[in-house]
Amino acid sequence: MKKGVCGGVVSVTRRIKDIRQPRSGYIPVADLNSVEYFDWHRIKKIDSYYKPIQGMAVDYLTRFMNGTSKRSAFQISLKGAETVNELDNAEKLLDVIKGLDEKSILSTCQLVGYDVAVRRGPKYFTPVEKIIPDKKVIQNIIVLVNRSLAFLNKNGPVVLDGFTFEGGYNDIISSGDGDYLTADTLWDFKVSEAKPEISHTLQVLVYYILGIHSIHKEFQTIKKLGIYNPELNT
């Protein structure tokens with residue numbers, strides 16, 4: 001893979017979009033061992049606008065409630081707020097977040113609205129005050145975070161979370177952030193109605209390749225790659 005194929009250095013997810021895999025993928029989805037968990041909760045259909053917000057809220061709240069500091073869990077949101085000169089407002093939202101109560105979830109949904117300024121650029125940012133999740137979004141987030149915490153409790157403990165790949169980036173891939181490492185497994189969390197696709201298996205594989213060349217020694221004990229989807233609880 002030569003520099004310039006993508007027009008310069010890119011993120012992991014952006015690079016994967018430019019890769020033509022074999023029909024079944026470099027890691028075929030059919031090769032994954034699928035394990036389903038069960039509870040009595042059902043995830044409600046929500047407006048498509050709130051789906052990425054719901055996913056990021058679940059991601060960051062899970063990290064926070066699993067023991068990561070709030071500032072670390074929401075570091076991308078805070079960086080985005082600083083980019084658009086709204087760090088004071090972001091700090092106020094962060095201060096409200098305590099757990100899975102309604103006020104905390106509302107503040108979380110607004111706070112993750114700053115992520116776009118980092119992930120896509122400041123020109124895509126819109127005022128976070130417009131983000132007002134309804135009861136369905138709030139209830140979904142509660143269920144999805146609790147499922148994620150239960151999963152980590154069963155498959156953990158977590159040894160590293162919310163990591164980037166300093167030392168592993170190259171002249172093609174310059175950014176990307178992973179979800180969780182347990183003792184022997186790299187986990188990527190996907191909040192989605194859909195089952196895993198070959199882009200997802202390639203993404204977690206690229207994370208592993210970056211990871212073993214990164215500054216994080218924890219990757220040297222990784223033997224398995226996994227995807228957990230709290231929406232499908234699988």
Side-chain angles (χ1 to χ4, degrees), residues 10-19 25 29 36-37 39-65 73-74 76-81 83-84 86 89-90 93 96-97 100-149 151 162 175-179 187-204 227-234:
V10 295
S11 68
V12 172
T13 52
R14 175 68 178 83
R15 177 58 177 154
I16 286 170
K17 291 178 181 178
D18 292 320
I19 298 298
V29 174
E36 293 185 31
Y37 298 86
D39 59 32
W40 293 101
H41 300 290
R42 299 187 68 176
I43 302 304
K44 298 174 173 62
K45 296 283 186 181
I46 62 172
D47 187 282
S48 59
Y49 171 79
Y50 279 97
K51 287 183 179 179
I53 293 170
Q54 175 177 277
M56 289 185 288
V58 171
D59 183 2
Y60 299 163
L61 279 173
T62 298
R63 292 182 193 178
F64 166 50
M65 297 192 69
F74 290 90
I76 296 176
S77 304
L78 294 172
K79 184 177 179 180
T83 300
V84 295
E86 292 195 13
N89 186 56
L93 292 170
V96 173
I97 299 169
L100 293 179
D101 59 281
E102 191 166 325
K103 287 184 178 179
S104 291
I105 293 173
L106 171 60
S107 293
T108 295
C109 289
Q110 293 187 345
L111 184 55
V112 302
Y114 289 113
D115 277 45
V116 69
V118 175
R119 298 185 184 277
R120 297 186 66 192
K123 69 178 181 179
Y124 294 99
F125 172 72
T126 56
V128 299
E129 290 78 11
K130 295 181 178 180
I131 300 174
I132 308 293
D134 62 19
K135 295 286 186 182
K136 291 188 294 184
V137 175
I138 291 171
Q139 186 58 41
N140 280 354
I141 290 172
I142 292 170
V143 172
L144 293 168
V145 171
N146 280 326
R147 284 180 177 178
S148 298
L149 292 170
F151 176 84
S175 65
D177 51 281
D179 289 334
W187 291 104
D188 194 45
F189 277 35
K190 297 289 186 189
V191 181
S192 173
E193 298 174 333
K195 294 182 178 180
E197 302 171 355
I198 60 173
S199 61
H200 300 151
T201 57
L202 180 57
Q203 182 178 356
V204 73
I227 297 169
Y228 174 62
N229 183 339
E231 189 156 347
L232 300 180
N233 212 5
T234 301

Practice item. Report the C-alpha distance between Leu93 and Ser77 in whole Å, list the side-chain angles of each, state the deciding distance to 0.1 Å, and finish with yes or no for side-chain contact (heavy atoms from CB on, under 4.5 Å). Key: CA-CA 11 Å; Leu93 292 170; Ser77 304; over 6 Å; no
Check your understanding: Hey, mind stepping through Asp177 and Ile76 against side-chain contact (heavy atoms from CB on, under 4.5 Å) and telling me if it holds?
Key -> CA-CA 10 Å; Asp177 51 281; Ile76 296 176; 4.2 Å; yes
Point to revise | Stepwise salt bridge (charged side-chain N to carboxylate O under 4.0 Å, His left out) test for Asp47 and Lys136 | key: CA-CA 10 Å; Asp47 187 282; Lys136 291 188 294 184; over 6 Å; no
Practice item. Check the pair Tyr60 / Ile97 against side-chain contact (heavy atoms from CB on, under 4.5 Å), numbers first and verdict last. Key: CA-CA 11 Å; Tyr60 299 163; Ile97 299 169; over 6 Å; no
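Nearest heavy-atom pair across Pro52 and Ser48 is CD-O, 3.5 Å. The shortest heavy-atom contact between Ile227 and Pro196 is CD1-CB, 4.3 Å. For the pair Ala117 and Gly80, the tightest heavy-atom approach, listed with the atom from each and the gap, is CB-O, 3.7 Å. Taking every heavy atom of both residues into account, Val58 and Ser148 meet most closely at CG1-OG, 4.1 Å. Shortest non-hydrogen contact noted between Ile141 and Ala57 is CD1-CB, 3.8 Å.
Using a distance-only test at 3.5 Å, with no hydrogens or angles considered, no donor-acceptor pair links the side chain of Ser104 to the main chain of Leu100. Within the 3.5 Å criterion, the main-chain N or O of Ile46 finds no donor-acceptor partner in the side chain of Lys51. Using modelled atom types, no side-chain atom of Asp59 and backbone atom of Gly55 make a donor-acceptor pair closer than 3.5 Å. Looking at Asp188, its side chain never comes within 3.5 Å of a backbone N or O of Val204 through a donor-acceptor pair. Listed for the Arg147 side chain is a donor-acceptor partner under 3.5 Å among the backbone atoms of Pro230. In terms of modelled atom types and a separation under 3.5 Å, the side chain of Asn140 and the main chain of Ile43 share no donor-acceptor contact. Listed for the Asn229 side chain is a donor-acceptor partner under 3.5 Å among the backbone atoms of Ser192.
Arg14 CZ to Arg120 CZ: the interatomic distance, rounded to the nearest 0.5 Å, is 12.0 Å. Of the inter-residue distances, the one linking Leu232 atom CG with Glu193 atom CD reads 8.5 Å to the nearest 0.5 angstrom. The CG atom of Asn146 sits 7.0 Å away from the NE2 atom of His41 when rounded to the nearest 0.5 Å. With rounding to the nearest 0.5 angstrom, the CD1 atom of Ile131 is 11.0 Å from the OG1 atom of Thr108. Atom CG of Leu61 sits about 12.0 Å away from atom CE of Met56, to the nearest 0.5 Å. Note that the CG atom of Leu111 and the CG atom of Leu106 stand 11.0 Å from one another [nearest 0.5 Å].
When the shell of 6.0 Å around CD of Glu129 is examined, it contains more than 12 heavy atoms from other residues, nucleotides or ligands.
In this structure, the side chains of Ile53 and Pro133 stay at 4.5 Å or more apart for every pair of heavy atoms. Taking the side chain as every heavy atom from C-beta outward, Lys44 and Lys135 never approach each other to under 4.5 Å.
A donor-acceptor contact under 3.5 angstrom links the side chains of Asn89 and Tyr114, judged on distance only. Checked by atom type, the side-chain pair Tyr228/Asn233 shows a donor-acceptor distance below 3.5 Å.
Between Phe151 and Trp187, the angle of the ring planes goes over 60°, which puts this pair in the perpendicular group of the 30/60° scheme.
A salt bridge does not link Lys190 to Glu231: none of the charged side-chain nitrogens sits closer than 4.0 Å to a carboxylate oxygen.
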